[in-house]
Student: 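Just passing along the structure, written as structure tokens.
To find a chain, count down the sequence lines: A is the first, B the second, and so on, and within it residues start at 1. Values below: every heavy atom of this structure, side chains too, minus hydrogens, waters and symmetry copies.
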2 protein chains.
Amino acid sequence: MAAERDGAPKQQTAKALTGLRDLVLKGEVLHGERLSEVALAARLKVSRTPLRAALQKLEQEGLVVMIPSGGYAVRSFSRQDVIDAIELRGVLEGTAARLAAERGVPPVKLKAILDVVASLDRVVEPGPGAMDFGLYEMLNERFHRQLAALSGSEVLSREIERITGLPFASPNAFVNTEADVPAFQRTLVIAQTQHKAIISAIGLREGARAEALAREHARLARQNLDFVMEEQPDLRGKVLALALMSS
Amino acid sequence: MAAERDGAPKQQTAKALTGLRDLVLKGEVLHGERLSEVALAARLKVSRTPLRAALQKLEQEGLVVMIPSGGYAVRSFSRQDVIDAIELRGVLEGTAARLAAERGVPPVKLKAILDVVASLDRVVEPGPGAMDFGLYEMLNERFHRQLAALSGSEVLSREIERITGLPFASPNAFVNTEADVPAFQRTLVIAQTQHKAIISAIGLREGARAEALAREHARLARQNLDFVMEEQPDLRGKVLALALMSS
DNA sequence: GAAGCGCACAATGTATACATCGCGTCAAGA
DNA sequence: TCTTGACGCGATGTATACATTGTGCGCTTC
């Protein structure tokens, strides 16, 4: 049959995409390993056509690379790559913050992101029970997405979304790890302070400050990376994204 | 036949890619127009499969967008989009310059880009004959490519290459126009001065200065854009890239 | 006459068959 | 024993056939 009976036809490529991403992120395919199209197609229960489309999209996302002779392989990231991706996110988000400050943002949008900040406050503040990390991730992602939108630049937002797609460059990349280490929980408080400062700077039209703050905010991720790599290497397994790192 | 007899099989997708890019850049397909796969495939003498691959790559490059209901359409860029893309190139190249300065670059690489600068000097300096704009474009592109490489960051270089792929964000976007307007030739002298200053700052490990200079360097493109749009609208036709602008 | 429904066409999304190219293996010769 | 060549397998790249979905037009009805 040309299209599937049960599953929703036309979403085969989405199925292949999410399936492939999972395989890569969970490390079920190793670095440099050549990705056999037929094997993957059989494994994901899709045809080769949507699978190749998914492979192409993953190449665009940067998770796989083309082999000169043909086909694709899982990309392996050096530690320097991870550092650079985090730095780049800081630069891009910094630019978004600066443009938002320089160009001004409509009050309704400012209010919306302030609401997110307030919600984050309630999550971060030490309460009786354990912190809801899932909720934190959701709100944190929303904050960063809205920050990108504040720039008013479609081009920039797209680029931020791209770099954020790299799993270890995501704003939430190290949140999972932090759940187990009490010292890490304090970094979330620091992050929240920076969130507030960034929005404050934008509201005051202080572009340079907003840019510097957003850059520094991304630096937090690098601190966490250094901590995981050098002081607590046993935590590496808990950060899914680092499964892609070669060294 | 499954593959072509005459042409090199496996390069059909490249053929479709370059052909499609030409069609879009030359404005032979209008903004928002739905791109019919069968029609394009027939026009470019390729099958639908490599054509769809090319369409997907062009979407990655940002020249076409997906239609929610399916298929692709030529993306139309607002003037703000063009401005933002230029700004973004400045930010990214600025980051490359800063990282190069902060991290240091091997002397052999510094020497290589200095050679390019010297060659540009010879092209820009007023001589008896007319200036060789083709040579300028080649050297200018090489300078910007090597500048990106000086950062030592693969991630950043890839991103710069991406944004530079947008025709109006290319360092050479407005060079063609300048050939006719004597006043524009002076901007090339200014640009060359900035080239030298950027490399100087990198050599002196002055990261902040290098970043600021590279940003300002991109600003030159925006000046040219403003000039074309507001003072000499008749020149718009000479800048191929601006055929993509809607307003 | 206008609005809503239904049908037919055309377009995309998917599956699969085919051709070519790269790579490994094996054998023969030096 | 090492090197070089050819052969075969398996892989990707390409073409095409098929199913489904979205869209536009015409008809019917109020």
Student: Could you give the CG-to-C1' distance, from A:Leu51 to C:dG13, as a whole number of Å?
Tutor: 15 Å
Student: Using a 4.0 Å cut-off on heavy atoms, which residues in residues 53-60 of chain A reach DNA chain D? List them by number, or say none.
Tutor: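 Contacting residues: none.
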Student: Does A:Gln11 place a side-chain N or O at less than 4.0 Å from the phosphate oxygens OP1/OP2 of C:dG13?
Tutor: no
Student: At their closest point, which heavy atom of B:Thr13 faces which heavy atom of B:Ala54, and how far apart are they?
Tutor: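 Distance-wise, the nearest heavy atoms are O-CB, 4.2 Å.
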Student: Ion pair present between B:Asp81 and A:Arg158, side-chain N to carboxylate O less than 4.0 angstrom?
Tutor: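 So B:Asp81 does not pair with A:Arg158 through a salt bridge.
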Student: Quick test: give all pairs of protein nitrogen or oxygen and nucleotides 7-12 of chain D nitrogen or oxygen below 3.5 Å, distance rounded to 0.1 Å.
Tutor:
residue : atom : partner : partner atom : Å
D:dT12  : OP1  : A:Leu35 : O            : 3.1
D:dT12  : OP1  : A:Glu37 : N            : 3.2
D:dT12  : OP2  : A:Glu37 : N            : 3.3

Student: Between B:Arg98 and B:Glu93, does at least one N-O distance fall below 4.0 Å, as a salt bridge requires?
Tutor: no
Student: I need the minimum non-hydrogen distance between B:Val64 and B:Leu55, along with the two atoms involved.
Tutor: CG2-O, 3.7 Å
Student: Tell me the closest heavy-atom pair linking A:Pro50 and A:Ala16, and the distance in Å.
Tutor: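 Minimum heavy-atom separation between A:Pro50 and A:Ala16: O-CB, 4.0 Å.
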Student: What pair of heavy atoms forms the shortest contact from A:Ile86 to A:Ala221, and how long is it?
Tutor: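 That would be CG2-CB, 4.0 Å.
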Student: Would you please classify the geometry between the A:His217 ring and the A:His144 ring as parallel, tilted or perpendicular, with 30° and 60° separating the classes?
Tutor: parallel
Student: Give a yes/no answer on whether the side chain of B:Thr49 brings an N or O atom under 4.0 Å of OP1 or OP2 in D:dT14.
Tutor: no
Student: Compare the minimum distances between each of C:dT14, C:dG13, D:dT16 and the side chain of A:Thr13, then state the nucleotide with the smallest one.
Tutor: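 Among C:dT14, C:dG13, D:dT16, the one nearest the side chain of A:Thr13 is C:dT14.
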Student: Measure CD/B:Gln12 against P/C:dA19 and give the value in whole Å, please.
Tutor: 16 Å
Student: Check this for me, if you would: do A:Arg215 and A:Glu87 make a salt bridge, where the nitrogen-to-carboxylate-oxygen distance has to be below 4.0 angstrom?
Tutor: no
Student: Compare every heavy atom of B:Leu63 with every heavy atom of B:Arg21, then report the nearest pair and how far apart it is.
Tutor: CG-CD1, 3.9 Å
Student: Where do B:Asp84 and A:Glu154 come nearest, in terms of heavy atoms and distance?
Tutor: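 In terms of heavy atoms, the two residues are closest at OD2-N, 4.5 Å.
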Student: Determine whether more than 12 heavy atoms belonging to other residues, nucleotides or ligands lie under 6.0 Å from atom CD of A:Gln80.
Tutor: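 Correct, the count exceeds 12.
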Student: Enter the inter-axis angle for the ends of the helix from C:dG1-D:dC30 to C:dA30-D:dT1 (five pairs per end, rounded to 10°).
Tutor: 10°
Student: Between P on C:dA15 and CG on A:Leu44, what's the gap in Å once rounded to a whole number?
Tutor: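 Taking CG of A:Leu44 and P of C:dA15, I get 12 Å after rounding.
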Student: Would you kindly give the NZ-to-P distance between A:Lys45 and C:dA15, to the nearest whole Å?
Tutor: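 Spelled out: NZ on A:Lys45 to P on C:dA15 is 13 Å.
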